[in-house]
Amino acid sequence: MTNMDEQHRRLRRIEARREAIRRTQPVWEERTTAANLRQVAARHPERPFLITDAGSWTYGEMQAWIARLGRGFMAAGVGRGDHVALLMANHAELVAVRFALSAIGAVSVPINTGLKSEELGYLLKQSDSKFLVVMDRFRDRDFLAMLDETAPGWEDGASAALPELKAVLTYSPEGHAPRIGVTSLAMLADRGEALPLMQFEQRMASVDPHDLVDIVYTSGTTGLPKGVMLTHDNVLRCSFTACLARAIEDGRRMLFSLPLYHNYAYVEGMLALIWAGGTMIMQDRFDPEQTMAAIETWRANEVLLVPTMTIAMIEHPRRDAYDFSSLTAVMSAAAAAPAALAAGICRIFGVDEITTAYGQTECSSSAAYKRPEDPIAALVTTVGRLKPRSVAGAPELDGRVAAYRIADPETGEIMPEGGEGELIVRGPEVMRGYYNKPEETAAVFRDDGWMRTGDLGRFTADGFIALTGRSKELYKCGAELVAPKEVEDLLTRHDAVSQAYVIGVPDPRMGEVGCAIIVPAPDAVFDETALRDYCRERLARYKVPQYVLAMRAEDLPMTATGKVQKFRLASLVQERFEKAI
């Protein structure tokens with residue numbers, strides 16, 4: 001058999017898997033995320049749904065847990081449309097809570113577990129969260145102590161700093177007793193038993209698929225995080241077409257340690273897998289050897305990674321000690337990938353289905369995919385092509401859940417075919433807007449309804465999207481977006497700093513890292529270590545600049561109107577780095 005014959009057979013197998021997914025949804029029935037999970041659980045109640053280090057749950061067992069928690073939340077006074085913040089790591093409790101809130105029509109506000117007290121306080125207040133579910137500790141973080149600092153009086157539901165916050169619910173992965181007077185998740189579920197199941201069913205039936213299900217915070221060009229408002233219908237259409245793009249087969253076993261507070265793990269992982277009745281193998285932190293061991297132990301078929309994780313596994317000295325024969329697919333997304341990464345994945349993991357995705361939280365998650373059947377070269381040179389047409393797509397967009405055009409970044413006019421400009425997007429997976437930020441929402445949506453992505457790029461002749469830059473100043477450290485202005489504002493509050501400008505600079509492992517250019521205050525002594533420590537104490541780790549450089553004010557590249565030209569500043573920094581080598 002020739003290589004061409006084998007390639008045709010491989011393409012037929014992938015398309016057959018895709019067709020099997022399509023058959024499960026001959027028409028698009030709008031529903032909530034909880035209702036979708038319930039439908040799949042009704043077909044496969046005994047299938048394993050979730051595996052963690054703490055245990056495993058079948059689809060049926062998870063459904064029972066969701067119903068108990070949902071009734072508990074209702075008994076606690078959580079109403080339809082109420083915002084419930086979640087400061088939780090990748091534990092089974094987080095999965096159950098998100099679906100329980102979905103079932104009763106509440107809105108999840110997932111929070112990055114790496115944030116510091118000041119950042120947490122801002123998100124809780126800006127989101128108007130009425131309830132908070134929080135784990136007591138994670139790694140070296142004491143979240144209850146953070147609450148003591150951020151919202152004194154939270155135990156009694158009477159914090160002057162967060163007047164909207166009615167109650168805090170806690171849980172302890174290590175089994176510690178809750179604080180006196182504080183309700184734990186287990187207590188909440190027990191109290192839910194007293195609420196008639198019929199009331200829960202009635203509430204669940206009343207939830208509209210176009211209601212908000214999540215407010216997911218992402219950094220913005222203003223420097224302050226913005227809450228992306230997503231509906232049930234947004235994330236389900238996105239996840240269904242992600243399942244189609246990857247051709248996820250029935251019962252796939254998917255492993256990830258990516259946090260569920262990110263839409264990568266939430267939409268491309270959990271929600272996409274549910275369409276195929278698959279099994280999640282979820283870890284609460286990334287360790288390359290533990291991930292490799294879990295692939296072997298649980299016979300995982302796919303692993304979700306970001307490039308930094310992939311590199312750590314490929315370069316691990318004990319990689320050959322583990323059996324990867326169960327793996328058929330690897331998804332490595334959320335950051336730019338080094339050219340050698342694809343070859344390393346094929347060689348080490350023995351797979352030929354390597355995917356990546358392009359999108360943004362404002363598009364629920366993915367809008368384009370490098371699909372399993374696409375050439376490996378596309379992984380490096382492009383971010384993929386539009387996801388497959390399907391019943392989830394909009395008829396006016398030719399069955400797409402997200403369609404792109406290229407616009408002139410200055411005039412906004414649509415570019416001719418082959419032109420380069422800003423990518424603008426439209427489709428049923430695009431967000432409703434930013435919560436309580438009407439000006440930012442208006443700025444990102446054009447008058448014609450298309451949304452500005454801030455990314456510059458073009459379409460190749462064969463329909464792939466090639467990114468050529470970003471019109472926004474955001475940079476991505478690992479898989480985390482960083483807004484320079486947030487870091488700049490913090491640095492300029494330091495007595496030793498007169499001016500601060502933060503840019504992203506290339507890094508072989510993290511994709512990009514922060515570099516802060518400081519103009520010292522008069523008579524101040526420049527101390528790089530002290531300034532980095534100052535940031536480290538107040539910012540999440542991924543926001544802390546890796547480099548802090550001093551520069552005279554007169555050496556800053558300026559426009560005629562007195563604004564610093566950051567693109568020229570980046571060139572000066574690069575020249576300095578090259579001279580230092």
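Nothing fancy with the numbering, it's 1 onward along the sequence.
By the 6.0 Å and 45° rule, K387 does not stack over the aromatic ring of Y369.
Between the side chains of S325 and R299, a donor-acceptor pair is found at a separation under 3.5 Å. There is a side-chain donor-acceptor pair under 3.5 Å between N234 and T231. A donor-acceptor pair shorter than 3.5 Å can be found between the side chains of D455 and Y358. In the model, H232 has no side-chain atom that pairs as donor or acceptor with a side-chain atom of E30 under 3.5 Å. A donor-acceptor contact closer than 3.5 angstrom links the side chains of S366 and E268.
Ring centroids of H44 and F49 are separated by 6.0 Å or more, keeping the two rings apart. Note: F445 and W450 fail the aromatic proximity criterion, with ring centroids not under 6.0 Å apart.
Judged purely by atom type and a 3.5 angstrom limit, H91 has no side-chain atom pairing as donor or acceptor with the backbone of E93. Judged by distance alone, the side chain of R252 and the main-chain N or O of G278 form no donor-acceptor pair under 3.5 Å.
Each salt bridge (charged side-chain N to carboxylate O under 4.0 Å, His left out) pair with one or both residues in residues 368-380, not counting sequence neighbours, appears once here: R18-E373, E373-R385, D374-R385.
Within the 4.5 Å cutoff, side-chain heavy atoms of L467 are placed close to those of L423. A 4.5 Å side-chain heavy-atom check between E480 and N112 finds at least one atom pair inside the cut-off. Contact check for I503 versus V505: side-chain heavy atoms found under the 4.5 Å cut-off. Residues S332 and P307 meet the side-chain proximity criterion, which asks for heavy atoms closer than 4.5 Å. Using a 4.5 Å heavy-atom cutoff, the side chains of L94 and L86 are in contact. Counting heavy atoms from C-beta outward, W298 and I51 have side chains that approach closer than 4.5 Å.
The structure places CE of M280 at 4.5 Å from CG of L50, a figure rounded to the nearest 0.5 Å.
Between R285 and D53 there is no salt bridge, since no side-chain N of the basic residue sits under 4.0 Å from a carboxylate O of the acidic one. In this structure, D352 pairs ionically with R10, as a charged nitrogen and a carboxylate oxygen lie closer than 4.0 Å.
L397 and R426 get closest at one heavy-atom pair: CD1-O, 3.5 Å.
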